[in-house]
Amino acid sequence: MKIGIVGTGNIAVCHRQAYETAGAEVVAVADTADGRAARIAADWGVRRSYQDPAELFADDDVDAVSICTPNHTHASLAVDAIAAGKHVLVEKPMGRTYAEAVELQQAADKSDRVVQVGMVRRHATNCRALKSYLDAGMLGPIYYAKASCLQRLANPGGWFASKKLSGGGPVMDFGVHMIDLAWYLMGTPEVVTVSANTYDRLGARNNIWGQDRYRAADAGAGGNDVEDLANALIRFSNGASLAVDVSYSLHATSDRLGISVFGEKGGADLEPLRVATELADTMVNIDPVLSSTGFNLTDGFANQAKSFLAACRGETESAVPASQGAELLKILDMVYHSAANGREVAAE
Ligand SMILES: NC(=O)c1ccc[n+]([C@@H]2O[C@H](COP(=O)([O-])OP(=O)(O)OC[C@H]3O[C@@H](n4cnc5c(N)ncnc54)[C@H](O)[C@@H]3O)[C@@H](O)[C@H]2O)c1
């Protein structure tokens, strides 16, 4: 399988390494920034580089593409790639809004090309193990979940900090991972209502020094109009509910990451993976023995690439189809809508 990567900033590095591990060759890269694609192609030993993604899509030697660009370009680039006959692995979120996601979903539905959304955390070993326990009914029906990623200093600047380019702050960046993980583990139930709050009290905290943070390829001078913090209570049609909170900027004593699901026969924490259940009328915790019980980035991206390539070869279905990426954007839209209106909103 011959791969093209569109957008050669931070996350493209993970995609390239994952394809290499999965035995596929990256043959072309494209990036609109002056000279960046050519530089990366030289670094990586990739044969062709383009400044215009359209030229990469017209490259007959490319079978499949990863879209690793800012959020505002995801849907339109993916639609163009599909029209050019390429299979598409599109980074999350698949658009800035539900409307953009539906546009891409419709293009995917009309074509025979694979479209997979980059929900990389689903492919990590800890998540796969927990999903297998859930699919086997070991924890019973899940009726409540909590997902939290509270970071103190995580606004990456550049396009991430522009609502127009990103669609929003931590909700769009890692909130989509948190909501997806819980929603996926709960069995992708249909959203009914969302009650959410967003806050922008601290800004990007560009005054803070002495601490590293993830930065966009072009972090710029520091403009910012996205939320610092969001929380939401999401209710599903099966009666289950999910409580989420995520932040870019927060006066917390530490960064915190947690995803937990609670079922009728057992519950589990995902990060790290630990199961709670009962044995002979006693409460027990079970520690699965895995190479990694927390999210391992290299492992997650390699597994994601393997699953995408298997789908491209027709061996499996897309692990994260456009329909699921769109459903996630519906939930994210509802989070912002509820927060803007100060009340619970219902799905249309
Ligand atoms: N799955 C994950 O865990 C994860 C982690 C980080 C980022 N991401 C996602 O990956 C995407 C890229 O994030 P990043 O951190 O690499 O950003 P980045 O700013 O580091 O890189 C983006 C690159 O895209 C290029 N670009 C912009 N518009 C383009 C266009 N129209 N055509 C081609 N190239 C274009 C930029 O010049 C830049 O080199 C985002 O959607 C982000 O949400 C996912």
Side-chain angles (χ1 to χ4, degrees), residues 4-18 28-41 43-44 49-57 65-81 88-96 100-101 104 116-124 127 149 151 154-162 164-181 213-220 226 246 248 257 271 295-305 307-308 319-320 325 328-329 332:
I5 295 183
V6 183
T8 56
N10 288 286
I11 213 62
V13 176
C14 298
H15 283 249
R16 186 251 176 168
Q17 190 188 355
V29 291
D31 197 298
T32 46
D34 251 355
R36 187 169 290 153
R39 263 197 319 278
I40 292 281
D43 269 11
W44 292 357
S49 65
Y50 306 104
Q51 191 157 358
D52 183 352
E55 291 181 51
L56 186 146
F57 298 149
V65 298
S66 273
I67 309 281
C68 300
T69 53
N71 300 348
H72 69 291
T73 65
H74 287 179
S76 60
L77 285 173
V79 167
D80 290 350
V88 177
L89 174 57
V90 59
E91 262 302 346
K92 44 49 62 172
M94 70 191 256
R96 283 170 299 183
E100 285 185 359
L104 170 49
Q116 185 165 319
V117 185
M119 305 317 311
V120 65
R121 284 174 171 265
R122 286 192 192 189
H123 303 275
C127 186
C149 184
Q151 299 209 53
N155 187 318
W159 68 267
F160 283 93
S162 157
K164 187 164 159 253
L165 304 182
S166 60
V171 170
M172 301 300 284
D173 189 358
F174 38 78
V176 66
H177 280 306
M178 297 298 108
I179 292 172
D180 178 64
L181 278 176
R213 65 166 94 178
Y214 188 93
R215 282 290 191 192
D218 304 295
V226 298
V246 289
Y248 266 167
L257 172 68
E271 296 290 340
F295 176 62
N296 176 308
L297 187 87
T298 310
D299 172 55
F301 272 96
N303 290 341
Q304 173 175 265
S307 82
F308 175 58
V320 190
L328 281 166
L329 256 308
L332 302 193

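Both counts, for ligands and for their atoms, begin at 1 and track the order of listing. Excluded from the calculations below are hydrogen atoms, water molecules and symmetry mates; all remaining heavy atoms, backbone and side chain alike, are included.
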Of Tyr50, Trp159, Phe295, the one whose closest heavy atom lies nearest atom 17 (O) of ligand 1 is Trp159

Short version for Arg36: what comes under 4.0 Å of ligand 1, heavy atoms counted, is side chain

Honestly, for Phe301 the part within reach of ligand 1 (heavy atoms, under 4.0 Å) is side chain

With sequence neighbours left out, the residues meeting side-chain hydrogen bond (donor to acceptor under 3.5 Å, both in side chains) with Gln304 are none

Restricting to heavy atoms, the pick from Leu56, Asp34, Val6, Asp31 nearest atom 39 (O) of ligand 1 would be Asp31

With sequence neighbours left out, the residues meeting salt bridge (charged side-chain N to carboxylate O under 4.0 Å, His left out) with Asp173 are Lys92

Under 4.0 Å between heavy atoms, the region of Cys68 that gets near ligand 1 turns out to be backbone

One finds that the ligand 1 atoms under 4.0 Å from a non-hydrogen atom of Gly7 are 24 (O), 34 (N)

Strictly under 4.0 Å, does any heavy atom of His74 approach an atom of ligand 1? yes

So the atoms of ligand 1 within less than 4.0 Å of a heavy atom of Thr73 turn out to be 31 (N)

A student checking ligand 1 against His177 at a 4.0 Å heavy-atom cut-off should list atoms 1 (N), 2 (C), 3 (O)

If you compare Pro70, Pro156, Gly158 by their heavy atoms, the one closest to atom 27 (C) of ligand 1 turns out to be Pro70

